[in-house]
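For reference, the structure discussed in these notes is given below.
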Amino acid sequence: MKMTKKLLVAAACSAFAFVFTSCLPDLSLSDLFQTKFGDKKIFTYSDNDKEDGLGKWTIKGTNESETEYIRGMQFLQTKHSDMAGVVEITGSDGGVVGIAFNVSQNTDKTLDNYKTYNFCLAGVRYYKNTLNGDTKPQPYFYVSYYANISAENMTGNNFGAYNSETDKYITKTAYDPECYTPYEIEFQTYKKLDYSLIDSENDTMTVVIDVKEVNKKNDADGAYADGSYLVNLYKIDAYNVKGMKFNSNKDEYLVTSSPVVLEASKLGKDTAAQAKVGVYANVYPKPKTTDTPTTLDAVVRIADLTNSAIAE
């Protein structure tokens with residue numbers, strides 16, 4: 001890395017630190033999405049604890065509905081290519097928590113998807129999947145791209161990318177510029193992770209989600225096209241949250257045997273481009289077989305943004 005590049009990155013990090021010490025995360029998108037949630041604000045943000053890296057979101061949600069989901073997102077005020085988040089979920093079967101990245105808004109006023117959003121999600125879930133033969137809660141994760149999502153879609157099954165008549169998700173294999181209704185591109189369907197991520201004594205799952213955009217100007221990921229994303233998961237031992245960086249022996253703590261690759265061409269990209277990143281949470285509907293509401297209790301620490309930030 002040239003000295004000029006180092007100075008630019010250092011300056012960007014200083015600017016980003018100022019963002020976190022001076023104000024809350026950007027609420028414009030999350031407020032839009034949470035208009036359907038009434039007073040159920042599931043995120044609380046704090047940057048007072050130095051052990052929390054760049055900032056901590058506490059997520060607490062309760063869902064009494066049998067059909068609607070309580071979803072929320074909060075995004076940083078700056079755009080980034082790379083991001084790492086430490087996710088900790090306490091108690092199983094509450095829902096999904098994860099990282100949102102590659103966020104964009106559809107801004108053509110002449111099209112039916114005007115003001116809707118597109119984004120990628122890397123989500124983790126701590127639950128007992130009896131269909132998969134689980135006898136106790138297990139860690140799972142998935143990675144998907146969602147397109148044309150409106151505020152009204154946030155409470156619906158699969159963000160509205162669902163056909164109730166066929167009881168199937170609406171999916172595509174690549175970005176479709178001619179489609180203006182919700183759809184999903186699945187890059188990693190729900191996959192069971194190593195049980196060592198679970199602290200059974202405290203009923204807690206902890207994992208580090210690492211998202212990296214390929215940019216040959218900054219790295220040597222020659223196997224992938226610029227603008228692609230690589231998603232890896234690590235045990236918490238791989239990360240120094242206070243120092244906001246991975247430990248030198250991080251590969252010893254990889255949870256995923258190989259990265260989940262989100263190819264640029266499938267995302268409709270032809271170059272690397274920084275975008276909004278942030279935190280995502282989804283409180284599942286309560287089961288119809290019980291009167292007990294579903295609860296989600298989690299913490300997400302944004303711990304690493306390795307590429308320079310672009311001020312909004």
Side-chain angles (χ1 to χ4, degrees), residues 28-37 67-75 79-81 83 95-96 98-123 125 141-191 211 213-214 224-231 259-282 284-285:
S28 59
L29 179 53
S30 63
D31 280 349
L32 168 66
F33 281 159
Q34 293 198 34
T35 55
K36 301 294 288 186
F37 302 158
T67 57
E68 292 192 344
Y69 296 76
I70 296 177
R71 293 189 180 95
M73 296 183 184
Q74 288 199 351
F75 294 87
K79 294 181 179 180
H80 299 269
S81 297
M83 176 181 184
V96 174
I99 299 300
F101 57 100
N102 189 41
V103 180
S104 64
Q105 186 178 27
N106 298 305
T107 56
D108 189 336
K109 295 181 179 181
T110 67
L111 299 178
D112 292 339
N113 64 351
Y114 176 54
K115 286 189 175 180
T116 61
Y117 286 86
N118 316 307
F119 47 82
C120 298
L121 293 179
R125 186 179 177 191
F141 90 110
Y142 75 96
V143 182
S144 285
Y145 171 81
Y146 293 91
N148 307 319
I149 308 303
S150 69
E152 290 74 19
N153 297 137
M154 287 295 284
T155 59
N157 194 340
N158 203 39
F159 294 99
Y162 171 73
N163 187 325
S164 58
E165 294 183 359
T166 61
D167 192 27
K168 292 182 178 181
Y169 292 152
I170 300 172
T171 61
K172 294 180 180 289
T173 58
Y175 171 73
D176 184 353
E178 301 301 321
C179 181
Y180 308 122
T181 55
Y183 66 88
E184 175 189 10
I185 302 174
E186 297 177 310
F187 289 96
Q188 173 63 67
T189 57
Y190 265 116
K191 180 179 180 180
V211 176
E213 185 184 31
V214 176
Y224 311 104
D226 276 11
S228 301
Y229 285 94
L230 309 179
V231 179
V260 178
V261 181
L262 290 73
E263 298 93 336
S265 59
K266 292 185 178 181
L267 296 174
K269 300 172 62 180
D270 55 13
T271 186
Q274 296 182 345
K276 287 279 191 178
V277 296
V279 176
Y280 166 72
N282 176 8
Y284 274 44

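Counting non-hydrogen atoms of other residues, nucleotides and ligands closer than 6.0 Å to CG of N163 gives a total above 12.
Using modelled atom types, one finds a donor on one side chain and an acceptor on the other under 3.5 Å when comparing Y117 with Q105. Using a 3.5 Å distance cut-off with no hydrogens or angles, the side chains of E186 and T171 do not pair a donor with an acceptor. Looking at E152 and S150, their side chains do bring a donor and an acceptor atom within 3.5 Å of each other. Side-chain polar atoms of D167 and Y162 form a donor-acceptor pair below 3.5 angstrom.
Applying the ring pair (Phe, Tyr, Trp, His ring centres under 6.0 Å) test between F119 and each of Y145, F101, F159 identifies F159 as the sole match.
With N148 contributing its side chain and C179 its backbone, the two residues share a donor-acceptor pair below 3.5 Å. D226 places no side-chain N or O within 3.5 Å of a backbone atom of T271 that could act as its donor or acceptor partner. Judged by distance alone, the side chain of E213 and the main-chain N or O of A273 form a donor-acceptor pair under 3.5 Å. In this structure a side-chain-to-backbone donor-acceptor pair under 3.5 Å is missing from N106 to K115.
The nearest pair of heavy atoms linking L267 to C120 is CD2-SG, 4.0 Å. Across all non-hydrogen atoms, the minimal contact from N153 to P182 is OD1-CG, 3.6 Å. When all heavy atoms of A275 and N102 are compared, the closest pair comes out as CB-CA, 3.8 Å. For K276 against K79, the heavy-atom pair with the smallest separation is N-CG, 4.0 Å. Between A161 and E184, the closest heavy-atom pair is CB-N, 4.1 Å. Between P285 and E68, the closest heavy-atom pair is CG-O, 3.3 Å.
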Evaluate the criterion side chain to side chain contact (heavy atoms under 4.5 Å, CB included) for residue pair V96 and Y142; output intermediate values, then yes/no. CA-CA 10 Å; V96 174; Y142 75 96; 3.7 Å; yes

Mind running side chain to side chain contact (heavy atoms under 4.5 Å, CB included) on L121 and M73 for me, showing each step along the way? CA-CA 11 Å; L121 293 179; M73 296 183 184; 4.0 Å; yes

Chi angles and distances behind the side chain to side chain contact (heavy atoms under 4.5 Å, CB included) call for F141, V260: CA-CA 11 Å; F141 90 110; V260 178; 3.9 Å; yes

Before you tell me yes or no, could you show the steps for V211 and V277 under side chain to side chain contact (heavy atoms under 4.5 Å, CB included), namely the whole-Å CA-CA distance, both residues' side-chain angles and the distance that decides it to 0.1 Å? CA-CA 10 Å; V211 176; V277 296; over 6 Å; no

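By the 4.5 Å heavy-atom criterion applied to side chains, Y180 and E178 are counted as neighbours. Taking 4.5 Å as the limit, every side-chain heavy atom of V261 sits out of range of all side-chain heavy atoms of F187. Taking 4.5 Å as the limit, every side-chain heavy atom of E263 sits out of range of all side-chain heavy atoms of I185.
Between the CG atom of N118 and the OH atom of Y146 there is a distance of 13.0 Å, given to the nearest 0.5 Å. Once rounded to the nearest 0.5 Å, the distance linking NZ of K168 with CG of N158 reads 14.5 Å.
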